[in-house]
Every structure is written in structure tokens, then in C-alpha cells.
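Data block below; observations after.
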Amino acid sequence: MADLSGVKLRLVEGVQDAMDLMTWLGERREGNIAIDTESGGLNPHLDRLRMVQFGDMQYGWAVPWERWGGVVLEVFQKLRQNRERVTMHHGCFDWRFLQVHAGITPPWSMYDDTMAMAALHDPLRPKGLKHLASRLVDKTAVAGQKALDEGMAKNKWTWDTVPIDYPPYWVYSALDPVLTAHVDHILGDQVRAEAGRAYDLELATNRVCADMMLAGLRIDKAYIHEAIQKFEAFSKETRIWLKATHAITSPMSSGQLKRAWEAMGEDILFFTDAGAARFDKEALTFYQNSSPNPRVQQLARYLLAVRHADKMKGSYLENFLELADADDLIHASINTLAARTGRMSVTDPALQTLPRDDKVIRGSFVPRPGFVFISCDLDQVEARMGAHFSEDEGMIAAFMEADSPGGRDFFCGIASIIYDEDIRDKKDPRRQPVKNTVYGSLYGGGAATMAKAAGVPYEVMAPVKKRFDEMFPGLRTMSDRLTNEAKAQGDVPFIRTPLGRKLVADKGREYTQITNALIQGHAAEYFKGTLINLSAAGLGEYMRLPIHDECLLEVPIAEAKDILHVVEECMSDKTNYRVPITAGGNIMEDRWRKM
DNA sequence: AGCGCGGGCGCG
DNA sequence: AAAGCGCGCCCGCGCT
């Protein structure tokens, strides 16, 4: 814990303040200068920049952007001249505001990030600056946040309207870089010692992803409006029918559905763990296909259809329109450290979760004139990581065979065994369930779970699972070894990736979590590395979106073929793992969808 | 009215 | 002995 009582905070509101700030900037100090920003909202393309704050462990300065922007630019110029390292908390966010509003090019090679430090230091605990500060720096440091919250509520102010000179606003804004400097001081060396390679990877990933966010993806508004109309018309009509025929006003209300089922005299066959009637996709699909009552079949079919339509419209299409900027660009937010495993997530909108098989939704995205989309994904990367870490000879051999000329796709090979038939077509509908089955088994799932994933009866899956386990005994050995290793750590079970990243499991759930954590976690690190490779190959300006093991790029039409080869190279690694890590991509002619 | 939570469903 | 993992968004529902 540090003592913050001597910290001095200042709001720049005159020439003398600005001069004092520049003097402070030139002083020698321990550690980096820390920077933070305040904005009117979360989206740099829709919201304004309001304040830029600088600080170290003793001093914090708040500079109003709209009045004293020149001072901000001067500070950045000086920082650049002096080759000064700067620290930010979630700089990926602030750099975007500084880039969009102040035209500042982030000095990526001279930057540290306390949020990355926090996530690597403790992947389970909250990594917000306030949480960290109260835990690591000074319990009372964030007490004033309450005054700001109350003041904003009382005056009905938002982040866009709270007056700059309202003391709780500027004071706690000026304090943020001070807290950041302290967190840097406390965590920096430790994280570099324990997980230095993972930390460097995260900083580089921040840079690449910031550029992707800035570039954005273009939507076709007319196309989206038309698609919304179609889903809406269907939904409206179906809801009228549901109400008139079954007194259902909401297709999501299991209470209403239960009453409808009872009214039809239909047995309820599916229940949640808590014991409530369950009407999810699995249950409704069963009723639709297997109920003896045609009315039940019909109702289930309409419920599934209207839910699908509402999901497409509400979760995706309408969000696209709401989140687009004036140039019809969507700058989704990429969280480079979202999952406890180190995986990234994408929000606003959640572009990693667009329906894979429904061409309508992805079709909302169109390349800029003269460009095409290409996408490239890693081939079975988690299964290959499984082969690598387990060193299972059978699994390594299976991949070598799959990679050999004329070799059969890995999952097709497994499918052939399960269905006792030579399956070679990657489009075979049985491949996806088999893929789920392989991952289910890899991560400690039982035969029942795997049967469900593959859509076959338990009796069919049980011997297949047995055979699978006999084929690749090293997987079980690996899970046992990792489970023991994690448990041996004590209170918080954890292991580390080859880059030093700490991967934690919940107590009692080590067996099913920790193997997944290592494989998912290192696959995520590998994937981040491929993004850096792509950027280093000069493709940074074409990169658009990371999707766990896939990268979407938007490239000039004439160069698409050549670039695709480079992308595949950048994403492959045939030397550093026990099986080759390979990648394959394709070019999409008109929209973000395969023809 | 706003919040948190679980259910449901989209992805890897 | 047996054990799927990680996310984000929308909805209904109970609570404040």
C-alpha cells in the first residue's frame, strides 16, 4: 500500500498552469509518465474527447481537451522528443480517442499497459483501475468516486455533460494517471519476470487490434433494412398467431409455454437443472419432430422460427445500424484480454458470434470499393495443440497423415471411425458434430455429452468414446498430469502457458477446466502471434477482425490472391510444435460470406 | 425505472 | 469414478 496523501492534482485552466505542466514534464522521475483520457462516451467515432490527464506517482494533471488541446499536443510532442515511456490503463481505448480526436499516432514501442499487467498477474480478479487501486495502492483512493457518482445522478449529468470544473469530476480524473503510475510501479517488474513474453505479446496485440478497430467494417444499410423488414414481418405475423391460438404473448416465456403445453394435454419432457420446464432449442426441436400431437409439432416449429427471427433482428441486424458511424463503418470493440484463458472478445457488436451458416447476417458487411474480404483460419488449432502438449503418438500420427498429400481431414478421419464409413468430404454434415465430439473428449466430457454433441444415442457413442480414448491414451495422461499440477499450487489452482501466462481453474473443477485452459489459452497466444506476423508482413492496414482462430482482412482485389498466400504463411508454424500448425483461407467476392 | 440473474442462443 | 471449455447479447422475471 502506498500513501497518496502527498499527491498534488491540478486542473489546467490558465497559461500559468500550462507552463507548470511543461516544467513538471521535464523533471526526472521514477517510473513512466501515465496518461488517461475522459470522453463523452465509449465510442471514439460517436463520442467526444473531453479531457486528457497526465501524471506520475506524485502529480496529476487534468487538461480540458476542447479548451487546452494545444497543451495536450505539446505534451505529446515533448514525450516523443524525449523518447519517454508512457503507461496507460487499457491504452487501447484511450489511444483510439487520442488518434481520432487529436490526430496523435500512438508511440506503441514506448508504451506499457497496467490492465495487461493486471490480467496477467491475476486473471480472475477485476482489472479495472479503481479495483486495482483500492486493492494495491490505497483503499481510500477511490472513495471520492462516490461523490462523482452522486453528483452526476443528482444533476442528471452524463459523461458527456458533467462540467469540467465540477471538482469531483476533474479531481478524480487527474488522480487516475497517478493511480496508474502506482499500479505500474507495483506490478510492472513482477509481471515482466513471471510472464514477460506474454506481456510483450499483449502490448503488440493492443497495437494491431487498435488499428483494426480504427479501420472498421463497412455495412450495407439498404440490405440490412430489407433483411430487418423480412424478419419483422415474419415475427409480427407469427406472434399474432401465437397469441390468438395459444395465448402466448412472448415466445421466450417458459411460463407461458408451459401453460400452452398443459392446455394441449402434452407431457413436458425436458427440465432445467433447477427443475423448471425447459423449452430451449433442443426441447422444441424434439417436440417438433416427435410429438404425437400435430398441434404441438406446429407450435414448436413456429416458436423456433420466431425466436430465430428475433435473434437475427435484435442481436445482430439492428445493432449493426445503431453502431455504425456516419460513413457506415462499424468499429467493433476488441477486448484483447477478455477471457480468463487470454482469448479476445469482440463487442458492440459481437462480431465473433455472427451465425456461421446463415449467409444473411454476415452478408450485411461489404468491402470498400476495389477491395474484397479474405478470411483465413487455423486448421484444427486446438486439437493440434492437444497433440503437441500431450505428445500422444497416435494423435501426432493422425495429423501427419491428415497433412500428407491426399490425406484425409483430421475430423473426417475421426468421423470415418465413428460412422464406420469412408468420409472425405469436409462439408459432410457429420463433420461438425464429430468436431464437437473430439473437443468434448479432449476437455474431459463424458460419453453422454459427446452423444448429445454428435446427435447420436448414448449407446452409439459409448463404444466410440472408448475407442477414441484407446486410440489417443496420451490425452488422458495429459489431463491427469495438468490436473495434479494445478491442484499442487494450493488455494488457486493454476498452470502456466509456454509464454508464462497464468491459467487458473476453479477449485474442484480442475479436471474439466485446466486442460481446456492450456489448449485454449496457448491457441489464443499462438493466434495473437499470427496477428503480429500479419502486421509485420505489412498487412496491418488490411486487417479487420480477429475471430478466435480466424482473421478477416479486406484487401485490394488485384492483390487478393497473393496476399492470401502471405496470410496463410504468416499464420502457419511448421517448426515449433510437434505437429505443424497450418492455416487456410478463402477470398469472398462481394460480401462477407462464401459464395 | 433500473439492476442483477438465469435461460436461451449465437460463435470458436 | 466421473467430469466440456471460453465468450456476448437479448429476454423475462423478481427485486429495489
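Looking only at side-chain heavy atoms (C-beta outward), A/Arg593 and A/Phe365 stay at 4.5 Å or farther from each other. Side-chain contact between A/Met312 and A/Val360: absent, with no pair of heavy atoms (C-beta onward) separated by less than 4.5 Å. Side-chain contact between A/Asp160 and A/Asp47: absent, with no pair of heavy atoms (C-beta onward) separated by less than 4.5 Å. Within the 4.5 Å cutoff, no side-chain heavy atoms of A/Tyr316 are placed close to those of A/Pro349.
Phosphate proximity of B/dG8 to A/Arg307: absent, as no side-chain N or O sits under 4.0 Å from OP1 or OP2.
Taking a pair to require two hydrogen-bonding distances under 3.5 Å in either a Watson-Crick or a G-U wobble arrangement, C/dG4 remains unpaired.
We find that CZ of A/Phe271 is positioned 14 Å from P of B/dG7, with the value rounded to whole Å. Rounded to whole Å, atom C1' of B/dC9 lies 17 Å from atom CZ of A/Phe279. If you measure from atom CZ of A/Phe365 to atom C1' of B/dC11, you get 14 Å, rounded to the nearest angstrom. Rounded to whole Å, atom P of B/dG8 lies 13 Å from atom CG of A/Leu303. When the P atom of B/dG8 is taken as reference, atom CG of A/Leu304 falls 12 Å away, rounded to whole Å. Put simply, CG on A/Leu257 is 15 Å from P on B/dG7, counting in whole angstrom units. As rounded to whole Å, 12 Å separates atom P of B/dG8 from atom CZ of A/Phe270. With rounding to whole Å, A/Lys465 atom NZ is found 10 Å from C/dA2 atom P.
Between A/Asp358 and A/Lys311 there is no salt bridge, since none of the side-chain N atoms of the basic residue sits less than 4.0 Å from a carboxylate O of the acidic one.
Non-hydrogen atoms lying under 4.0 Å from DNA chain C are contributed by A/Arg476, all within residues 469-487 of chain A.
Across all strands, A/Leu442 comes closer than 4.0 Å to no nucleic acid atom at all (heavy-atom distances).
Cation-pi geometry between A/Arg307 and A/Phe279 is not met at under 6.0 angstrom from the ring centre and within 45 degrees of the axis.
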Ignoring hydrogens and angles, write down the donor-acceptor pairs under 3.5 Å from the side chains of residues 465-472 of chain A, residues two or more places apart or on other chains.
residue  : atom : partner  : partner atom : Å
A/Lys465 : NZ   : A/Asp469 : OD1          : 3.4
A/Lys465 : NZ   : A/Asp469 : OD2          : 3.1

Stepwise ring-ring contact (aromatic ring centres under 6.0 Å, His included) check, A/His522 with A/Tyr577:
CA-CA 12 Å; A/His522 188 61; A/Tyr577 295 87; 5.7 Å; yes
Protein-proximity profile, nucleotides 4-16 of chain C, B/S/- by nucleotide at the 4.0 Å heavy-atom cutoff, equals BBBSBBS-SS---
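In this structure, A/Tyr526 has its ring center at least 6.0 angstrom away from the ring center of A/His388.
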